[in-house]
Amino acid sequence: MTVSIDRDGEVAIVTVDNPPVNALGQSLRQAVWDAVGTLDADPAIRAVVLICAGRTFIAGADVTEFGKPPVPPHLPDLVDRLEQAGKPWVAAIHGSALGGGFEVAMGCRFRVALDAASVGLPEVTLGIVPGASGTVRTPRLAGVEAAVDLVTTGRPVKAARALSLGLVDAVVTGDLRVEAVAFARKALTQPLPQQISARPVTSPDPAWWDEQKKAITKRAKGEVAPLRALDCLRVAAEAPFAEAMAHERATFLELRASDQAAALRHMFFAERGATKPAHLAEVTPRHIRSAAVIGGGTMGAGIAAALRDAGLPIILIERDADAVQRARVNLDNIFDGAVKRGKLTEAQAQARIDGVTMGSDYARLADTDLVIEAVFEDLAVKRAVFAELGQTCRADAILATNTSYIDPRLIAQGLPHPDRFIGLHFFSPANVMKLLEIVPTPTTSPETLATGFALARQLAKIPVQAGICDGFIGNRILKRYRAEAEALVRQGTPIAAIDAAMRGYGFAMGPFEAQDLGGLDIAFLQREGARAAGQDVPETLGDILVRAGRKGQKTGGGWYDYRPGDRSPQPSQAVASLLAGRVSDSSGLPFDQIANVLVTAMAAEGHAILTEGIARCASDIDLVKVHGYGFPRWRGGPMFATR
Ligand code: T1G
């Protein structure tokens with residue numbers, strides 16, 4: 001880590017260089033602290049530019065220090081020192097000025113940002129609140145409403161919007177250092193703006209704060225930090241600066257030690273570690289310039305959309321003209337939906353569609369780099385697809401199956417060049433869900449495996465390598481979760497109580513509601529397939545319901561009844577009758593023990609998965625459950641939650 005000072009006439013330039021993201025570790029804080037003293041004492045210097053080397057401006061406090069006691073100089077004190085400096089400092093921002101990085105920038109008298117830069121206060125995504133005046137200076141700089149949005153969502157804003165909000169003073173293009181020095185020189189010719197800490201702030205009326213609290217409570221879904229951030233912002237808007245700072249600091253220190261913060265830090269590092277697997281560090285992945293998807297159903301269209309979102313031109317192959325037309329409708333629906341939700345403009349959606357060539361002739365794939373099969377979950381159908389691909393595609397084309405539970409080794413049987421075959425298990429909707437289970441076979445080459453991870457990075461997904469077993473990692477734990485939930489039902493625990501307990505734990509839906517939404521018949525058919533193949537698969541309560549025609553919402557009833565046009569689940573007398581004799585008449589497990597029992601069961605399956613070498617580490621299992629199965633991220637996943 002270095003902090004260097006050089007001079008351009010009466011303007012000093014302080015350059016921070018602390019790879020990879022200029023995080024504000026103790027030595028960096030000390031070096032900037034010292035630089036203020038040095039430059040205050042230099043009579044030749046009238047202004048200072050603070051700039052960073054590398055990919056970004058300061059990206060925040062050093063998250064690796066969070067588990068340790070804070071060491072001075074503390075960041076809020078450094079921000080105050082910058083603000084009280086004898087010469088005005090100008091923060092020159094590129095990349096992302098985030099968290100403590102933006103707080104340092106607010107200690108400076110001015111902020112100049114490159115047009116591609118962004119600024120933000122993402123602390124709530126780590127289960128904390130800003131701890132160096134983010135909740136106190138931001139309202140004084142940009143007003144309360146902008147501050148509430150920035151701090152309680154943790155979403156950064158691009159330079160142009162930051163300028164419109166008053167978060168930065170200028171947006172520049174070209175050479176940031178040259179532009180910032182020129183800005184500093186010009187600023188010296190005019191009266192300096194008031195230090196942010198001294199600026200007034202107007203608090204909205206109590207009703208506004210109540211509305212914000214209601215909205216954030218709904219959005220936070222059990223996370224504590226966003227509401228505590230709102231509390232800090234209100235104190236900042238209604239109390240003197242020093243009092244608000246003390247309140248923010250106390251809140252920050254309290255939350256930093258919280259379970260939610262520990263869980264979110266766990267996820268932060270697990271997510272970043274997943275994209276750079278150490279065992280492939282020395283392996284060069286293939287460059288994927290073109291891709292194809294076989295199958296345009298829900299999964300195939302979703303995968304095609306994900307590939308298009310990453311800018312890859314794709315060919316989508318279906319079996320005949322009618323199927324191609326249905327695939328086109330599926331793709332159009334995905335991009336039309338994105339336009340309706342404001343995720344894409346009409347032009348962007350059209351460009352996505354324009355990059356898709358559709359047809360039924362495999363000959364189109366003769367020069368494609370990557371082909372992903374996403375056809376019906378039937379071994380014979382999949383093997384027929386790969387027989388065609390094996391004859392049509394280049395010998396070095398990566399061929400992937402999106403199977404969710406068939407053994408990839410069976411699918412690849414007889415395929416020429418099996419080293420280029422791999423499982424890439426996407427989760428529906430494939431253009432939205434972040435998780436990608438990467439399932440190599442014993443003959444998959446390291447280069448093909450590394451290409452799977454590189455594709456995940458290209459698609460901005462979270463890759464997790466999985467060994468071959470029934471359900472790989474995620475579906476295997478899901479199966480255990482559902483079996484344990486059914487066991488609770490057999491013990492007399494009400495179905496609705498189990499779902500309510502899991503919603504209370506942080507899931508969007510409990511296990512039975514979720515089955516009704518997705519359909520009970522999918523898992524039923526898998527069990528029936530296994531039974532037909534001679535496996536001993538005990539009858540489940542779900543089997544009884546499906547055999548009685550209760551497949552979920554799509555048949556008007558599954559574990560629950562549904563009134564026409566109403567998706568809210570109603571406890572079902574029909575289900576009680578169907579399951580009579582299989583359900584104890586006891587009251588079952590006490591409500592407050594349900595979540596612990598079920599999460600512990602997930603973790604137990606996770607430990608078995610680790611022992612068998614199906615997963616490479618416990619945090620990978622947490623990533624699978626959080627990013628593929630709705631496990632609340634602020635709990636850190638089943639392995640972390642039961643550590
Ligand atoms: N501290 C320590 N390491 C960090 C870090 C941080 N804040 N941010 C990133 N890294 C590491 C990361 O682990 C990875 O390491 C490498 O940098 C590249 O990260 C007082 C208390 C800046 C947008 O939440 O959002 O300030 O795996 O892969 O995709 O109020 O990193 O290479 O060894 O993500 O280019 C607030 C978190 C902290 C920003 C860059 N700040 N970081 O994205 O690279 S709390 C944040 C990011 C705070 C104050 C409070 C992103 C990025 P390795 P990367 P990227």
Side-chain angles (χ1 to χ4, degrees), residues 1 16 18-29 32 52 54-68 70-80 82 93-107 116-138 147 150-158 225 228-229 232-233 236 245 248-258 261-262 264-278 280-281 434 453 456-463 619 633:
M1 182 286 294
V16 166
N18 185 25
V21 296
N22 292 311
L24 278 159
Q26 192 278 338
S27 55
L28 174 51
R29 297 197 300 273
V32 175
C52 291
R55 67 170 94 171
T56 178
F57 189 76
I58 300 166
D62 185 337
V63 182
T64 62
E65 287 185 353
F66 279 20
K68 308 162 196 159
V71 178
H74 300 304
L75 195 49
D77 300 334
L78 176 61
V79 175
D80 287 345
L82 285 163
I93 298 169
H94 74 294
S96 310
L98 298 174
F102 186 60
E103 289 168 314
V104 160
M106 286 198 286
S118 56
V119 301
L121 292 164
E123 286 85 343
V124 295
T125 65
L126 291 167
I128 55 178
V129 297
S133 82
T135 67
V136 189
R137 281 193 168 87
T138 310
L150 197 71
V151 177
T152 62
T153 65
R155 276 197 302 265
V157 294
K158 282 283 185 203
R228 297 295 296 277
C232 289
L233 286 156
M245 282 300 293
E248 176 192 82
R249 190 72 183 161
T251 306
F252 165 72
L253 291 173
E254 176 201 334
L255 292 184
R256 197 178 70 140
S258 69
L264 289 168
R265 276 199 303 278
H266 165 70
M267 292 309 297
F268 174 88
F269 287 113
E271 287 157 355
R272 281 157 181 78
T275 59
K276 294 166 264 192
L280 296 170
K434 302 288 280 181
F453 278 87
R457 287 194 293 273
Q458 212 171 342
L459 301 180
K461 289 197 179 288
I462 306 274
S619 60
R633 189 166 180 276

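Start at 1 and go down the list; that is how both ligands and their atoms are numbered. Please read all numbers here as calculations on a predicted model, not as lab measurements.
Atom 12 (C) of ligand 1 is flagged as protein-proximal [any protein heavy atom, distance under 4.0 Å]. Inside a 4.0 Å radius of atom 27 (O) of ligand 1 there is at least one protein heavy atom.
For atom 1 (N) of ligand 1, the nearest non-hydrogen atom of the protein is V63 N, 2.9 Å. Annotation: atom 7 (N) of ligand 1 to nearest protein heavy atom, A61 O, 2.9 Å. Nearest protein neighbour of atom 53 (P) of ligand 1, counting heavy atoms only, is K276 NZ, 3.6 Å. Of all protein heavy atoms, the one lying nearest to atom 23 (C) of ligand 1 is L98 CD1, 4.0 Å. Protein heavy atom nearest atom 37 (C) of ligand 1, with residue, atom name and distance: F268 CE1, 3.4 Å. The protein atom (non-hydrogen) at minimum distance from atom 9 (C) of ligand 1 is V21 CG2, 3.6 Å.
R272 forms a cation-pi arrangement with F268, by the criterion of a distance under 6.0 Å to the ring centre and an angle within 45° of the ring axis.
Here the side chain of D62 pairs no donor or acceptor atom with the backbone of A23 at under 3.5 angstrom. In this structure a side-chain-to-backbone donor-acceptor pair under 3.5 Å is present from E248 to S133. Judged purely by atom type and a 3.5 angstrom limit, K276 has no side-chain atom pairing as donor or acceptor with the backbone of A281. Side-chain atoms of R29 come within 3.5 Å of backbone N or O of V71 as a donor-acceptor pair.
Listed by number with element, the atoms of ligand 1 under 4.0 angstrom from any heavy atom of F269 are 13 (O). Residue contact check: F66 has heavy atoms under 4.0 Å from atoms 21 (C), 45 (S) of ligand 1. Close approach to F252 involves these atoms of ligand 1, each under 4.0 Å from a residue heavy atom: 21 (C). Close contacts between ligand 1 and L75 involve ligand atoms 20 (C) [criterion: under 4.0 Å to a heavy atom].
Residue contacts with ligand 1 for L126 involve side-chain atoms from C-beta outward but no N, CA, C or O (heavy atoms, distance under 4.0 Å).
The option from A59, G99, P20 that lies nearest to atom 41 (N) of ligand 1, judged by heavy atoms, is A59. The closest heavy-atom contact to atom 34 (O) of ligand 1, among the options R256, E103, R55, R272, comes from R272. Of the listed options E248, R265, R457, E123, E123 places a heavy atom closest to atom 50 (C) of ligand 1.
Distances from ligand 1 to the non-hydrogen atoms of P122 include at least one value under 4.0 Å. Using a 4.0 Å cutoff on heavy atoms, D62 counts as a contact of ligand 1.
Here the CD-CZ distance, from E123 to R256, works out to 13.0 Å after rounding to the nearest 0.5 Å. Here the straight-line distance linking atom OG1 of T138 with atom CG of L150 works out to 6.0 Å at 0.5 Å rounding.
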side-chain contact (heavy atoms from CB on, under 4.5 Å) evaluation trace for F269 with T64 | CA-CA 9 Å; F269 287 113; T64 62; 3.8 Å; yes
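Geometrically, ligand 1 and A23 share no nitrogen or oxygen pair separated by less than 3.5 Å. In terms of N/O distances under 3.5 Å, ligand 1 is not approached by G60.
Checked for salt-bridge contact, R228 and E254 meet the test: a charged N lies under 4.0 Å from a carboxylate O.
Here the shortest heavy-atom pairing between T153 and T125 reads O-CG2, 4.4 Å. Pairing each heavy atom of T135 with each of P130, the nearest pair is CG2-CD, 3.8 Å. Closest of all the heavy-atom pairs between L264 and V124 is CD1-O, 4.1 Å.
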